[in-house]
Amino acid sequence: MARIAFHLELADGQREAYREAHEDVPTRLEEAYLDSDAGLETYSVFESDGHVFGFMELDDPDAIRDVMEASDAQARWDEEMDGIILDDDADQWMDEVYRMI
């Protein structure tokens, strides 16, 4: 089981819009992730003071990245997030540095 994480920053004044959008994540987007070959077990998103941290446990990180890059449902979600999430073209995936088990 792989664990992957990412970090995003919200545009100024967009915290409530981001949180409200996540109260009703589109079913098609959830299905795109769950129906992929990624073997997604856990997907959590945390937010604090305009910083978003996402965490996934899954079998195949490349498969979930493919969904994020190629699915129509993800493209529509990205349009909804346009102006809410800052797009700095940086690689937002994080390296695992420590894990206590």
Side-chain angles (χ1 to χ4, degrees):
M1 178 78 45
R3 292 172 309 283
I4 60 174
F6 61 87
H7 173 261
L8 304 169
E9 288 187 66
L10 302 181
D12 287 341
Q14 295 299 317
R15 184 178 191 203
E16 289 306 314
Y18 183 82
R19 287 175 167 256
E20 287 175 12
H22 282 80
E23 290 176 9
D24 190 24
V25 173
T27 301
R28 290 189 64 194
L29 180 59
E30 290 179 343
E31 288 173 350
Y33 280 57
L34 293 171
D35 292 343
S36 73
D37 292 328
L40 183 64
E41 292 287 327
T42 301
Y43 185 6
S44 297
V45 177
F46 304 86
E47 186 277 332
S48 178
D49 198 28
H51 290 271
V52 175
F53 172 77
F55 173 78
M56 295 181 195
E57 290 180 309
L58 65 167
D59 292 330
D60 186 351
D62 291 330
I64 208 70
R65 288 182 177 120
D66 290 344
V67 170
M68 290 177 162
E69 292 175 7
S71 78
D72 291 336
Q74 182 70 52
R76 283 192 292 281
W77 181 254
D78 291 346
E79 287 176 11
E80 187 173 336
M81 293 294 105
D82 189 38
I84 296 175
I85 295 174
L86 294 178
D87 183 14
D88 61 6
D89 293 327
D91 185 6
Q92 297 152 342
W93 294 99
M94 303 170 75
D95 295 325
E96 184 174 55
V97 177
Y98 174 78
R99 178 176 180 221
M100 183 178 13
I101 54 173

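Here, residue 1 is the first one in the sequence, and each next residue gets the next number. What's counted below: heavy atoms across the whole structure, side chains too, no hydrogens, waters or symmetry copies. Small disclaimer: the values here were computed from a predicted structure and weren't measured.
Listed by chain and number, the residues in a side-chain contact (heavy atoms from CB on, under 4.5 Å) with E16 are R19, E20 (sequence neighbours excluded). For E30, the side-chain contact (heavy atoms from CB on, under 4.5 Å) partners at least two apart in sequence or on another chain are V25. Listed by chain and residue number, nothing satisfies the side-chain contact (heavy atoms from CB on, under 4.5 Å) test with E79 (two or more places apart in sequence, or in another chain). Looking at residues two or more places apart in sequence or on another chain, you find no side-chain contact (heavy atoms from CB on, under 4.5 Å) involving A75.
By the 4.5 Å side-chain criterion applied to Ile, Leu, Val, Met, Phe, Trp and Tyr, M100 is assigned to a cluster that also includes Y98.
Scanning all heavy atoms of the two residues, the minimum distance from Q14 to G83 falls at CG-O, 3.5 Å. Across every non-hydrogen atom of A5 and F53, the tightest pair is CB-CE1, 3.5 Å. Across all non-hydrogen atoms, the minimal contact from R15 to L10 is CA-CD1, 3.8 Å.
When atom types are taken as modelled, the side chain of E47 and the backbone of G50 share a donor-acceptor pair closer than 3.5 angstrom.
Between H51 atom NE2 and L8 atom CG the span is 11.0 Å, to the nearest 0.5 Å. With values rounded to the nearest 0.5 angstrom, D87 atom CG is found 8.0 Å from D82 atom CG. One finds the CG atom of L86 at 13.0 Å from the CE atom of M81 (value rounded to the nearest 0.5 Å). Here the CD-CG distance, from E80 to L29, works out to 9.5 Å after rounding to the nearest 0.5 Å.
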With a cut-off of 3.5 Å and sequence neighbours excluded, list every side-chain donor-acceptor pair involving residues 55-68.
residue	atom	partner	partner atom	Å
E57	OE1	T42	OG1	3.1
D60	OD1	D62	N	3.1
D60	OD1	A63	N	3.3

F46 and S48: CA distance, side-chain angles, deciding distance, side-chain contact (heavy atoms from CB on, under 4.5 Å) verdict: CA-CA 7 Å; F46 304 86; S48 178; over 6 Å; no
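The aromatic rings of W77 and H22 sit perpendicular to each other, their planes meeting at more than 60°, with 30° as the lower class boundary.
In this structure, R3 places its CZ atom where more than 12 heavy-atom neighbours from other residues, nucleotides or ligands lie under 6.0 Å away.
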